Amino acid sequence: MAHVAFTSTTGGTQSLFGGPTRLKAFIITPTGTAGTVVFKDGGIDKFTVTTSASASSGPVNINLPSDGVRFGTSLQATLTNVGGVTAFFA
């Protein structure tokens with residue numbers, strides 16, 4: 001099983017992978033403003049991660065247990081007030 005990383009620093013909704021996949025981990029870079037990253041499956045919200053308003057707090061690193069979170073259609077992320085997101089999926 002191949003593990004791939006995708007990094008985006010562009011706000012708005014970004015396509016991370018265009019087919020079924022499993023999100024295994026992600027890193028979010030916060031900014032000086034509270035922000036969110038909404039992970040979506042084919043445009044439908046799957047879950048949201050919020051960040052505090054502190055760029056000095058360092059990145060938010062999340063490893064998802066076991067097989068990760070399944071995205072049956074596609075993996076997208078909507079970035080609002082974050083410096084970027086790196087997603088690891090298989």
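The structure displayed is predicted, hence computed values, not measured ones.
For the pair Thr31 and Asn81, the tightest heavy-atom approach, listed with the atom from each and the gap, is OG1-O, 3.0 Å. The heavy-atom pair separating Gly72 from Asp41 by the smallest distance is N-OD2, 2.8 Å. Heavy-atom minimum distance, Ala87 versus Leu23: CB-CD1, 3.9 Å. Counting all heavy atoms, side chain and backbone alike, Pro30 lies closest to Ile28 at CD-O, 3.4 Å.
Here NZ of Lys40 is found 13.5 Å from OG1 of Thr73. Values are rounded to the nearest 0.5 Å.
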Would you tabulate the side-chain donor-acceptor contacts of residues 12-19 under 3.5 Å, counting partners in other chains and residues two or more places apart, or write 'none'?
residue: Thr13; atom: OG1; partner: Thr78; partner atom: OG1; Å: 2.6
residue: Gln14; atom: NE2; partner: Gly11; partner atom: O; Å: 3.1

Tell me which donor-acceptor pairs under 3.5 Å the side chains of residues 55-70 have, and how far apart each pair is, sequence neighbours excluded?
residue: Ser56; atom: OG; partner: Ser54; partner atom: OG; Å: 3.2
residue: Ser57; atom: OG; partner: Ser54; partner atom: O; Å: 2.8

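Side-chain heavy atoms closer than 4.5 Å link hydrophobic residues (I, L, V, M, F, W, Y) into clusters, and following such links, even through other members, never connects Leu75 to Val38.
Side-chain contact check for Phe47 versus Asp45: every heavy-atom pair is 4.5 Å or farther apart. Side-chain contact between Ile27 and Val85 is absent, with no heavy atoms from C-beta onward closer than 4.5 Å. You'll find the side chain of Phe26 stays beyond 4.5 Å of the side chain of Phe89, heavy atoms only.
Applying the side-chain contact (heavy atoms from CB on, under 4.5 Å) test to Ser74 and every residue at least two apart in sequence or in another chain returns Gln76.
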